[in-house]
Amino acid sequence: MTSLSQTTSWKALVAHAESVKPKHLRDLFSSDPTRGERLPFVACGIYFDFSKHRITDETLRLLVALAEERGLKDAIEAMFSGRKINITEGRAVLHTALRSPKDEVVTVDGRNVIPDVHAVLEEMDVFANKVRSGEWKGYTGKPIKAVVNIGIGGSDLGPVMAYEALKPYSKRDIDVVYVSNVDGTDIAESLRDLNPETTLFIVSSKTFTTQETMANAMSARSWLLESLKDDASIAKHFVAVSTNAEKVTQFGIDKANMFGFWDWVGGRYSMDSAIGLSTMIAVGSEVFRQLLSGFHAMDVHFRSAPFDKNMPVLMALLNIWYTDFFGAETHAVLPYDQYLHRFPAYLQQLIMESNGKQVTLEGNPVDVPTSAVIWGEPGTNGQHSFYQLIHQGTRLIPVDFICFAKSHNPIGQHHQLLMSNVFAQAEALAFGKTEAEVRAEGVEESLVPHKVFEGNRPSSVLMAQKLTPEILGSLIALYEHITYTQAVIWGINAFDQWGVELGKALANKILPELDQESGAPLNHDSSTNTLIKRFKELQ
Ligand code: F6P
């Protein structure tokens, strides 16, 4: 494949960017008074306003041409149809099959995987209903009052984000708790107030070998047995979600209590597989299926909409526009909904573990910057923390605002206050405040430069009527497909994560060294050796 920076469409964009950079959003709006009505569109119940971006119609045309030149259409089909696009692991990438209707056919290695997906969903339905109804009893015959999901990365961030997002739909008489960190504080604080007799653990791990999850699962097991004193209690208090039946059985969990998924579901793309079991127990199978239908609606949109009206494709292209042509290093996702407070953390793994890559599919260096650093916090909290830098700092930080017309908690004027802030922030970022405007306010001359807002800071606004399960599913799928689209343009593999290996291997080497007698030889670099020695002294 031609290196990206040498493609015709890339070169055209490089030249075009120079003509766009001097333009201010103020001018783009004043020369086109209908821009704010003309550009936005709706897909899957989400209104997408991208008019406050530093783009012209020509930019859009050139970005779409880039997507075409990079073969995005074929790449989308390759993913949906089950081709082994994760070439470094020899795997298909079929998270989209997890939300496909029963009558679809998606074949991997000659097998239609859709019946398997629905069979697991039905097992999850049955189990979740039993736990929710109290039919599933703990070892001493008491119904379950707390569900503890033990997992990390994709086996934690998606489920916890969805659990928090869907709280208005959840069964409040069952506590759902998430333990991920190998820091013993996480499990200690999580279990502190729980009763072993009424606690159910879901050990969620695709591989069932992840150090943190296995350590937490073993500690949970000891905590349970300390109180129930019988190995037979494990079957009533532990279930597993994994692709590794052998390791699950070795741990002592009955295979009948294991919910499976497949190697063609990447960890960070797995929250709508059985990894979502804790979410399903919290909200029930009907709401979980509404979530899946929202995912599916966005899948259909991504697969079928023309690129210039395709929300994930346009959002991906806009991110590339700023990352690669304006030098933006980071991208903020700012949900104006408290229920989405874990959404940025979830996106960090989804996007950065996927697209934090430096070589192409062919193994050559990528010749342009890849993924921006993703970060964010809910509004309006962030406004009183880091927004200063977005407004007046020296860096360009594109922003996605996410908001909803209706609140789940319509208390007094709160929602109008919230929404007035999100609209105001997008307006202030785009249009700022000129020197002339500051002076016209009678500001003392020495303060004028401090009070000027340059503006011209781009943002998207995503607005839906309400944060329903369907909308949540569509929002998540939106970002999944943004991630894939960017990977296709950059020519990288969004579905492997070799970069996490080295640290894991070194930690395994260091672990026994921490218990060795002091004075035992260490052969790391002098900094690591000294840190280990110092740690032992301090212990
Ligand atoms: O270390 C990174 C990672 O492999 C992620 O990709 C994954 O989501 C996480 O660890 C957890 O993996 P598992 O589900 O196999 O425990």
Side-chain angles (χ1 to χ4, degrees), residues 85-95 98 120 124 148-163 178-183 186-187 201-221 238-251 253 258-279 342-357 371 374 476 479-480 483-484 487 492-511:
I85 58 171
N86 176 358
I87 55 166
T88 61
E89 296 179 312
R91 291 175 182 167
V93 175
L94 274 176
H95 43 279
L98 298 169
V120 173
M124 289 166 66
V148 182
N149 184 78
I150 298 178
I152 197 165
S155 301
D156 168 74
L157 289 162
V160 77
M161 177 275 288
Y163 168 68
Y178 291 85
V179 173
S180 55
N181 200 336
V182 76
D183 181 347
D186 197 2
I187 193 156
F201 292 97
I202 304 175
V203 186
S204 298
S205 175
K206 179 174 170 180
T207 54
F208 229 75
T209 56
T210 303
Q211 187 194 54
E212 294 91 330
T213 301
M214 291 305 110
N216 278 321
M218 291 306 288
S219 300
R221 200 171 181 271
F238 274 83
V239 299
V241 181
S242 188
T243 56
N244 192 340
E246 199 186 320
K247 292 272 180 209
V248 168
T249 330
Q250 270 171 24
F251 180 86
I253 296 177
M258 168 177 153
F259 300 84
F261 62 115
W262 307 271
D263 73 354
W264 40 261
V265 183
R268 53 194 175 271
Y269 298 86
S270 67
M271 55 163 294
D272 48 339
S273 70
I275 288 289
L277 185 61
S278 58
T279 317
R342 294 292 291 164
F343 197 57
Y346 163 75
L347 292 182
Q348 287 183 321
Q349 187 201 11
L350 174 68
I351 300 172
M352 294 200 278
E353 199 174 72
S354 295
N355 286 345
K357 306 289 164 64
S371 185
I374 305 298
I476 300 165
Y479 281 91
E480 287 178 345
T483 305
Y484 181 51
I492 59 179
N493 184 358
F495 304 110
D496 60 13
Q497 56 285 317
W498 301 108
V500 302
E501 298 300 328
L502 178 60
K504 287 185 192 175
L506 289 176
N508 282 334
K509 180 169 184 245
I510 292 172
L511 182 63

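Order of appearance sets the numbers: ligands from 1, and atoms from 1 within every ligand. Position 1 is the first residue of the sequence, and the numbers go up from there.
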Donor-acceptor side-chain pairing of D263 and T243 below 3.5 angstrom: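 Not at all, the side chains of D263 and T243 share no donor-acceptor pair under 3.5 Å.
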
Does a side chain donor of either S278 or Y178 reach within less than 3.5 Å of an acceptor in the other side chain?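 On atom types as modelled, these side chains qualify, holding a pair under 3.5 Å.
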
F251: partners by ring-ring contact (aromatic ring centres under 6.0 Å, His included), with sequence neighbours left out: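 Listed in chain order: F238.
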
Backbone or side chain, does any N or O of S205 fall under 3.5 Å from an N or O of ligand 1?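 In this structure, S205 places an N or O atom under 3.5 Å from an N or O of ligand 1.
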
Option set E501, E212, K206, K504, criterion heavy-atom distance to atom 10 (O) of ligand 1, minimum: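 Nearest option to atom 10 (O) of ligand 1, by heavy atoms: K504.
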
Can you report which non-hydrogen protein atom sits closest to atom 8 (O) of ligand 1, along with the distance?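 Nearest protein contact, heavy atoms only, for atom 8 (O) of ligand 1 is G154 N, 2.8 Å.
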
Starting from atom 6 (O) of ligand 1, which protein heavy atom do you reach first, and at what distance in Å?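 Result: E353 OE1, 2.7 Å.
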
Anything under 30° is parallel, anything over 60° is perpendicular, the rest tilted; go ahead and classify Y269 against H95.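 Y269 vs H95 ring planes: parallel.
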
Which of these, R268, K357, R91, sits in a salt bridge (charged side-chain N to carboxylate O under 4.0 Å, His left out) with D496?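 Among the candidates, only K357 passes.
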
Mode of T207 contact toward ligand 1 - side chain, backbone, both, neither (heavy atoms, under 4.0 Å):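 It is both backbone and side chain that touch ligand 1.
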
Per-atom contacts, ligand 1 versus I152 - under 4.0 Å to a heavy atom: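 Result: 9 (C), 11 (C).
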
Looking at T210, which atoms of ligand 1 are within less than 4.0 Å of one of its heavy atoms?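 Here the atoms of ligand 1 in question are 12 (O), 13 (P), 15 (O), 16 (O).
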
Within 6.0 Å of CZ in R221, more than 12 heavy atoms from elsewhere: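 Enclosed.
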
